[in-house]
Number of protein chains: 2
Amino acid sequence: MKKAPTIRDVARTAGVSVSVVSRVLNDGSGPVAVETRRKVVQAIDELGFRRRAAARDLSNGQTLAVGLVLPDLTNPFFSRLADRIVWEARSRGAQVLLLTTQEDPHIEGEALNDLLDRSVGGVIATPAGGNVDRWHRLRAMGIDLVFVDRTLDGLEEVDVVSLQNEASAARATDHLLGLGHTRIAVISGPVETSTGSARIRGYSTALLAAGQVVDPVLVRDVPFRGELGGDAVAALLALPEPPTALVVANTAQVRSAVHRLFQLGVAIPDELSVVVFDDNPWSELVSPPLSVVRQPIDMLARHSVDLVLGRMQGRLPEAPQRLEVQADFVSRSSCAPPRRLAHR
Amino acid sequence: MKKAPTIRDVARTAGVSVSVVSRVLNDGSGPVAVETRRKVVQAIDELGFRRRAAARDLSNGQTLAVGLVLPDLTNPFFSRLADRIVWEARSRGAQVLLLTTQEDPHIEGEALNDLLDRSVGGVIATPAGGNVDRWHRLRAMGIDLVFVDRTLDGLEEVDVVSLQNEASAARATDHLLGLGHTRIAVISGPVETSTGSARIRGYSTALLAAGQVVDPVLVRDVPFRGELGGDAVAALLALPEPPTALVVANTAQVRSAVHRLFQLGVAIPDELSVVVFDDNPWSELVSPPLSVVRQPIDMLARHSVDLVLGRMQGRLPEAPQRLEVQADFVSRSSCAPPRRLAHR
DNA sequence: TTGTAAGCGTTATCAT
DNA sequence: ATGATAACGCTTACAA
């Protein structure tokens, strides 16, 4: 196991000094005679030389690596997001350090410490909540930060890429309203989260615009972790006046919610119309195929990577960017007009 | 944005030398008076000092970070694997650099280059195929390597964690045989891959043991990428003598295969019994719920992390480890005895 | 028990 | 256009 060649080895076998080699390595950081460059290049691949990232990072106090902090890869939304982000990052020459938080602020805190140590150049994250001080600290250390999917109050200065949560929820609700439903329920994420509150807002707005009232008993905000989506479904159906339509706006809970619906033997869409947030690979495999709000994951990925990398390289205006991408509504067979006198 | 404190700052404010600080940092790397340690510790968190990973790595020529090379996070099998590996790694203090290959040896090659640069301490990978020289090079540079899920010929010296592919395929086939099927088809991964060939072998063995012959026309090996699982299904059903049972042993193709089955309106299990490899979150949501071979993903994760980290820390015997973990067969409602005279 | 100083592989600043 | 050389922050002999 011979030691890997260093820049000095290259310099020696090319018969030049290390500074010259360094210059050809960082193309354009200084003048190099064309013939000299040739020799250097040749030496480089003759020796199979590769720059040690650690040394480079140490020297210029920064890394081209990006930290990716996500709740949980078990949720298809995040795993596809991770897939796209890794892809976009590598196509721009950056690497990705992956950390998961299980939606737990404590774990997230530790992850942030790691990131601090490792001095990544930037971070893309879906914040779990809290840790405001840590996030600030990160920024104070000059690490560029982009939130994806969710924001956090008190961090107005960080870039955010999210989807049009409010509009999308309104859109889904409108669809149901258009079918004639007058008792539409929603299962969202926690109201304390940016996505949870925005989606509930969209839902309410649509209802109000249609001249209906918002019945608080039909609005369920459940955590992202766990299987509480199912319980919310059960609770909703056990109501004296159960809903005839349901919007599952908590991506992490759609599996659980749908699972329960099936267990309970609810006839979809006859007894209950349903729309879910996010187009899972299986949402058209179940019967009936689910109508969904399709989140443009690749756009989220592309923009977040653009933002971090852009900031890290100092392009981009000072002001924090706030990007909202549009979601599509995909109508399949899980919605129908309400049946009068539907009993269960 | 003040500069982050260095080990020297700590030494100064604690009134000791840097080596002492370093010693308390790497607990046990040398003697430190208990009172001195106290002062140092105090100085450390007074200043909020954190070691720069780059410097540490540079100094000792190694990183505690692990490279994770996976085909594709879009496949639930790999996303769950990633999730578990990240988790296990962090619980042992290691970070994970994530790279995806899209099953493309060329992309994989580039990923390996990155890993070389970044001098991660070890790598956990599901090899896409080829790149044998690159893998060797990695090992030659002292980077510990563990293959998970798949192996590669010509790399007998690397640790492998996989599941009992042959036994699991046999098990699934046996189940169908037990139901009385005499025309069982299999859709596997490429025969060139370790998983593809092993599963076909298991399938054949079971058939032979039951006194049946292996009809080559019923054995379809399809790539991991793309949607060819669906086409294989269609081809199988178009046979003059179509199968009455099907084992989808290519995890990456089960969605596509099942999708096509549904499109074609095949009655499961009446017309066709099916068993699929890997317990997707949706496999019990579709109707009928699918009988599956459940892969013990957390075991795969745990063992791979144990292996890399163990090697990196120099424990572990010389000889390459070959771990096979057991998969469970979960019977649900997609299998039944064959119907005589089933026409389509 | 503690301190000094020489690396580790790059980059960047000056001279030449 | 090139070459010395000093950082960068930490680890580790080796001395004291």
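Naming: A, B, ... by sequence-line order, numbering from 1 per chain.
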State whether B/R12 and B/D9 are salt-bridged, where the test is any N-O pair (Lys NZ or Arg NE/NH1/NH2 against Asp/Glu carboxylate O) under 4.0 Å. yes

Looking at A/D104 and A/R225, is any side-chain nitrogen of the basic one under 4.0 Å from a carboxylate oxygen of the acidic one? no

Grab the N/O contacts between the protein and nucleotides 3-7 of chain C below 3.5 Å, and write none if there aren't any.
unit_1, atom_1, unit_2, atom_2, d
C/dG3, OP2, B/S17, N, 2.8
C/dG3, OP2, B/S17, OG, 3.3
C/dG3, N7, B/S19, OG, 2.9
C/dG3, N7, B/R23, NH2, 3.3
C/dG3, O6, B/R23, NH2, 3.0
C/dT4, O4, B/S19, OG, 2.9
C/dG7, N2, B/S59, OG, 3.1

Taking all non-hydrogen atoms of both residues, which atom of B/I7 and which atom of B/F49 are closest, and how far apart? N-CE1, 3.4 Å

Shortest non-hydrogen pair, A/R84 vs A/D298, comes out as CG-CA, 4.1 Å

Answer yes or no: is there a donor N or O on one side and an acceptor on the other, between the side chain of B/T101 and the main chain of B/E108, under 3.5 Å? no

For the side chain of A/S59 and the backbone of A/A55, is there at least one donor-acceptor N/O pair under 3.5 Å apart? no

Without decimals, in angstroms, what is the distance between [X] [atom1] and [N] [atom2]?
X: B/L58; N: C/dC8; atom1: CG; atom2: C1'; value: 4 Å
X: B/R37; N: C/dT2; atom1: CZ; atom2: C1'; value: 14 Å
X: A/R12; N: C/dT10; atom1: CZ; atom2: P; value: 13 Å
X: B/R52; N: C/dC8; atom1: CZ; atom2: C1'; value: 15 Å
X: A/I7; N: C/dC8; atom1: CD1; atom2: P; value: 14 Å

More than 12 heavy atoms from other groups under 6.0 Å of CG on A/D153: no

Got a second to check how far A/R50's CZ is from A/T6's OG1, nearest 0.5 Å? 15.0 Å

So if I take the C1' atoms of five pairs at each end of the helix from C/dT1-D/dA16 to C/dT16-D/dA1 and get each local axis, what angle do the two axes make, rounded to 10 degrees? 40°

With a non-hydrogen cut-off below 4.0 angstrom, is B/S22 in contact with a base, only sugar-phosphate, or nothing? base

Here's a test for you: under side chain to side chain contact (heavy atoms under 4.5 Å, CB included), which of A/L70, A/V160, A/V161, A/T195 qualifies with A/D149? A/T195

Of the options A/D306, A/D159, A/D144, which is the one that meets A/R311 in a side chain to side chain donor-acceptor pair (under 3.5 Å)? A/D159

Non-neighbouring partners of A/E88 that pass salt bridge (charged side-chain N to carboxylate O under 4.0 Å, His left out), sequence neighbours left out: A/R92, A/R302

Covered region of DNA chain D, 5' end to 3' end, by chain B [heavy atoms, under 4.0 Å]: D/dG9 to D/dT12

Can you check side chain to side chain contact (heavy atoms under 4.5 Å, CB included) on B/N113 and B/R134, steps first, answer last? CA-CA 8 Å; B/N113 282 345; B/R134 284 259 201 8; 3.2 Å; yes

Using heavy atoms and a sub-4.0 Å distance, could you list which residues of residues 25-35 of chain B are near DNA chain C? By number, please. B/P31, B/V32, B/A33

A/R51: which residues meet the side-chain hydrogen bond (donor to acceptor under 3.5 Å, both in side chains) condition with it, sequence neighbours left out? A/N26

